[in-house]
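Okay, so here's the structure we're looking at.
Predicted, not measured: the structure shown is a model, and the values here were computed from it.
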Amino acid sequence: YRKNTNAEPMLFILGFNDKPTTLILRQPKGQWILLLNNSQPEYVEPNGASSSVAPVTLNLTEKKQTLCLPAFPVWIYQGN
């Protein structure tokens, strides 16, 4: 998580597991919009596609959110 008074807050989800895993997020509070997902076809080598999809938005204003992460995810969100 990065917050700067001169820019929108950013949330980085980086995974270093070689197998899928689950992540429960409670913070940082706010609405988050997906900017980058390394599971998208333009970032994946042939035959290396992931079956896990990054949520387009995350709502961390009221409750926790459970994410199913693929192996080695790189998901970047911008605060709203």
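Residue Y77 holds its OH atom at 12.5 Å from CD of Q31, rounded to the nearest 0.5 Å. Residue I33 holds its CD1 atom at 12.5 Å from CG of L11, rounded to the nearest 0.5 Å. Expressed to the nearest 0.5 Å, how far CG of L36 lies from CZ of F12 amounts to 10.0 Å. In this structure, OG1 on T66 lies 8.5 Å from CG on L23, to the nearest 0.5 angstrom.
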> Do T57 and N80 pass the side chain to side chain contact (heavy atoms under 4.5 Å, CB included) test, and can you show the C-alpha distance, the side-chain angles, and the key distance before you say yes or no?
Replying inline: CA-CA 10 Å; T57 60; N80 189 341; over 6 Å; no

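Hydrophobic clustering places F16 together with I76 (ILVMFWY residues linked when any side-chain heavy atoms are closer than 4.5 Å, directly or through intermediates). By the criterion of side-chain heavy atoms lying less than 4.5 angstrom apart, applied directly or through intervening Ile, Leu, Val, Met, Phe, Trp or Tyr residues, V53 is not grouped with F72; the two fall into different hydrophobic clusters.
Closest heavy-atom contact between P55 and L34: O-CB, 3.7 Å. Nearest heavy-atom pair, L60 versus P28, reported as atom, atom and distance to 0.1 Å: CD1-O, 3.3 Å. Between C68 and W75 the shortest heavy-atom distance is O-CH2, 3.7 Å. Pairing each heavy atom of M10 with each of W32, the nearest pair is C-CZ3, 3.8 Å.
A 6.0 Å sphere centred on NZ of K29 holds more than 12 heavy atoms belonging to other residues, nucleotides or ligands.
Judged purely by atom type and a 3.5 angstrom limit, Q65 uses its side chain to pair as donor or acceptor with the backbone of N59. Within the 3.5 Å criterion, the main-chain N or O of V74 finds a donor-acceptor partner in the side chain of N38. A donor-acceptor pair is defined here as one N or O able to donate and one able to accept, closer than 3.5 Å; no such pair exists between the side chain of N17 and the backbone of K19.
Considering only residues two or more places apart in sequence or on other chains, Q78 meets the side chain to side chain donor-acceptor pair (under 3.5 Å) condition with none of them.
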